[in-house]
Amino acid sequence: MSYVPDNLLYTASHEWLEKLDNGNYKVGITEYAQEQLGDIVFVETPEVDESYAQEDECGVVESVKTASDIYSPVDGTIVAANESLEDTPELINDSPYDDGWLFEIEVADGADLGHLLSAEDYRNSIEED
Amino acid sequence: MKKTVLNEAHRKAGAKMVDFGGWDMPINYGSQIEEHHAVRGDAGMFDVSHMTVVDIKGNEATDFLYRLLANDVKKLNTNQAMYSTMLNEQGGVIDDLIVYKLSDTDYRVVVNAGTRDKDIAWFEKQIAAFDATMTEQADAAMIAVQGPNAIAKLQPLIDVDLSETKRFYASYNDDTFVGRTGYTGEDGVEIIVSPDAAEPLWDRLIEAGVKPCGLGARDTLRLEAGMHLYGQDMNEDITPLECGLAWTIRKDDDSFIGADALNALKSAGVTKKLIGLVLEGRGVLRHDQTLNDEAGHQGIITSGGFSPSTERAIAMAVVDKNMTDPVSVAIRKKTLPCRVVKLPFVRNGKSLIEE
């Protein structure tokens, strides 16, 4: 069973979100997602200052096996991206919830967060896979 | 789903299993890249028991294979192996295979798993005209042990002496057949044993430090080695002349199936070729991505991926014969530059890509 930290929120498409003190969310992909993908060899993070609507494609994670789109989990604007992934994409395999983070997003005013899953709900969703 | 005799052994070794053409096979045992490097630098092993082994015997076994295969089996020495394509009447590739000559009247052929049914049907149809018989060794287990240290680690575990076995030759006894062949671009062997002997051999190879490797590493290794994958880099709709396999066609003889079609194509002019590509910059080349050069010649990637040995994206592509450098590839919404390079990309552990 993959590790699913209790203190994070999740999407059905296997992104995690960590609420930061400044109100923004840090986003990455879950341990389960990186296990499914296998060794990750290329990451394209979104451009800083770019705005995305919820479920917009905003990046891609490519493993030895396949390319997987990253979707913006909420409406918002990218305020930071993890530049370490350019040279060391395997950080996502080694440390999906920490060093392998993808980007930080500032949530748009009035954005809906109701679709985000709790750790428990996400655990249940991957058990059904 | 079909299972090889090593299925339990894979699960014990922590394999992630996938459906591979109806076979329940390991894609990796944790890290495909580590498995890849094990084969390039030391020794790794693959369960290839899903592949199909067919023995051809009889006074006209040679004549049958001379008609069936585009390469020249009459050139083979005893115990020598040969890679060949098997063509249909239109010159399309039914399959690629390895044939071992054990004697003038005794051959062993290994064909792909995914093409087993049509291959067997084609063999049966063609063999009827010859004084020869075919026997599928359906229960045979097959393990490929590959890498610079593969033979040294294997030798103490088997009673077939490999000290005199040259590359692309086989040595065998009643229980163990060892061909010094493979699909990785490294030295190594492919061993065929009875089903009972497979798991004990597999376990002893693990004890000897040979790393179990899945189909994922098998694919990156063969791509780096510039070796074709049936169904991607060739199929029944393309001839060997158009996909970089002209070298498997024997010269000055038209008696094999498909020869007439190849001659007609040569007269009309071959319009496609297979090239190697390296992506300049970051990204991953993949099967089915489209290519263009500055003059507008087009092509398509038939096999692509991240190459662990060169840490670059590499690909084989079937393109317009006149395509020239520089070539651009469409990846999602972007167009990225590629460089045309000679195959293979890697041989015996070394990158051959010029910087």
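These numbers come from a predicted model, not from an experiment. Below, chain A is the first sequence line, B the second, and so on; all start at residue 1.
Neither the backbone nor the side chain of N93(A) comes within less than 4.5 Å of any heavy atom of chain B. V43(A) touches chain B through its backbone: at least one of N, CA, C or O sits under 4.5 Å from a heavy atom, while the side chain does not. Heavy atoms closer than 4.5 Å to chain A are found in both the backbone and the side chain of S31(B). With a 4.5 Å cut-off on non-hydrogen atoms, R286(B) touches chain A through its side chain but not through its backbone. Of the two parts of E90(A), neither the backbone nor the side chain holds a non-hydrogen atom closer than 4.5 Å to a non-hydrogen atom of chain B.
Exactly one residue among I27(B), D219(B), I33(B), V284(B) makes a side-chain contact (heavy atoms from CB on, under 4.5 Å) with V64(A). That residue is I33(B).
Checked for salt-bridge contact, R282(B) and E62(A) miss the test: no charged N lies under 4.0 Å from a carboxylate O.
In this structure, K19(A) places its NZ atom where only 12 or fewer heavy-atom neighbours from other residues, nucleotides or ligands lie under 6.0 Å away. For E50(A), the CD atom counts as densely surrounded, since its 6.0 Å shell holds more than 12 non-hydrogen atoms of other residues, nucleotides or ligands. Residue E35(A) qualifies as enclosed at atom CD: its count of foreign heavy atoms under 6.0 Å is above 12. The local environment of CG in N7(A) is crowded, with over 12 non-hydrogen atoms from other residues, nucleotides or ligands closer than 6.0 Å.
Distance check, rounded to the nearest 0.5 Å: CZ of F42(A) to CG of L285(B) gives 10.5 Å.
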